[in-house]
Amino acid sequence: MRIASWNVNSLNVRLPHLQQWLRDTAPDVVGLQETKLEDQRFPDTALAELGYRSVFAGQKTYNGVALLARQPLADVQVGIPDFADEQKRVIAATIGDVRVVNLYVVNGQDLGTDKYAYKLRWLEAVHGWLADEIQRHPRLVVMGDFNIAPDERDVFDPVKWGDQHILTSLAERDALRRLYALGLHDAFRLHNDEAGIYSWWDYRMGGLRRNLGLRIDLTLVSDALRAEASASGIDREPRTWERPSDHAPAWVKLER
DNA sequence: ATGGTGGGCAACCCA
């Protein structure tokens, strides 16, 4: 089973890319972020033609998440339980015998802003929820646009992107480490230890051409799935296509 | 330090 996470930055614009990429790579499960579509506009029929069922939680203009799968999606949950949030950032479902959580983590803008405080509050709520979820569902995958680069290997300029910068600050990385402490592992780092492999490049200043990127799109696998995670990576190709998302898909392969 | 680009949507907000 191959599971991928992709921030498409508007599914309306990126549907042709998603269709091409599904044809090319045929993943079993896909989590999408930043669909920016109200639910009545979600292209579920077009995706069904490619063999994917879909569940989604969207809104106009901002945010929006979805899960696609070849198998049925059961026990669908939208949002974090007992955490009031207008923003559509979370969708979870059971696919086969794996519980899959798809997150669009708050960006946070800059340290000291209201958005940064919201990001840390939001991550704390996710932590509390996942602590329960992993008990209910030991076979757990948590994927998404985390808007956190785990360590210095995951940023093009570790001096700039350090303790005091958004996406790499101490408090953000602490929040990510607290998720790891639940028994969740960054699948990419189970199979790759090199620096300079990124999932996001700024549209500006020739970010992709100069490989000025960050690895902020992650797939975490639980202890119970760790031995089954046989490969992982980031598919840079769609980022090179015309009018791309600024993110590339991050994927993990689970045996059986 | 600033601003560059892109999406949504029609003036700025968000990333």
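Just so we're on the same page: letters track the sequence lines, and every chain starts at 1. Heavy atoms only: backbone and side chains are in, while hydrogens, waters and symmetry mates are out. Worth saying up front: this structure is predicted, and the values here are computed from it rather than measured.
- Not less than 6.0 angstrom separates the ring centroid of A:W241 from the ring centroid of A:W21.
- Here the C1' atom of nucleotide B:dT5 and the CD atom of A:E34 are 14 Å apart, to the nearest Å.
- In this structure, the CG atom of A:N63 is 16 Å from the P atom of B:dC13, given to the nearest Å.
- Not one side-chain nitrogen or oxygen of A:K60 sits closer than 4.0 Å to the OP1 or OP2 atom of B:dG8.
- Every pair passing side chain to side chain donor-acceptor pair (under 3.5 Å) that includes a residue from residues 95-107 of chain A is listed here, sequence neighbours excluded: A:Q33-A:N102, A:E34-A:Y104, A:T94-A:R99, A:D97-A:R139, A:D97-A:R256, A:R99-A:E133.
- Among the nucleotides B:dG7, B:dA15, B:dG8, the one closest to the side chain of A:T61 is B:dG8.
- Closest heavy-atom contact between A:L47 and A:F42: CD1-CE2, 3.7 Å.
- Remark: A:R204 is not in phosphate contact with B:dT2, judged by side-chain N or O atoms under 4.0 Å from OP1 or OP2.
- The distance from atom CG of A:N9 to atom P of B:dG8 is 7 Å, rounded to the nearest whole Å.
- Checked by atom type and distance alone, the side chain of A:R178 never pairs as donor or acceptor with a backbone atom of A:H127 at under 3.5 Å.
- Looking at A:T113, its side chain does come within 3.5 Å of a backbone N or O of A:D110 through a donor-acceptor pair.
- Taking atom C1' on both B:dA10 and B:dC14, the two are 15 Å apart, rounded to the nearest angstrom.
- Here B:dG8 is the nucleotide among B:dG8, B:dA15, B:dG6 with the atom lying nearest to any side-chain atom of A:N12.
- Within residues 143-165 of chain A, no residue is approached by DNA chain B to less than 4.0 Å at the level of any non-hydrogen atom.
- Within the 3.5 Å criterion, the main-chain N or O of A:V155 finds a donor-acceptor partner in the side chain of A:Y198.
- The distance from atom CG of A:L15 to atom P of B:dG7 is 15 Å, rounded to the nearest whole Å.
- Note: OH (A:Y116) to C1' (B:dC14) measures 19 Å, nearest angstrom.
- Residue A:M205 has its side chain nearest to B:dG3 when only B:dG8, B:dG3, B:dT5 are considered.
- Put simply, CG on A:D110 is 11 Å from P on B:dT2, counting in whole angstrom units.
- For the C1' atoms, the distance from B:dA1 to B:dC12 is 23 Å, rounded to whole Å.
- A:R14 has a side-chain polar atom (N or O) that falls below the 4.0 Å cut-off from OP1 or OP2 of B:dG7.
- Side-chain N or O atoms of A:D132 include none that pairs as donor or acceptor with a backbone N or O of A:W129 at under 3.5 Å.
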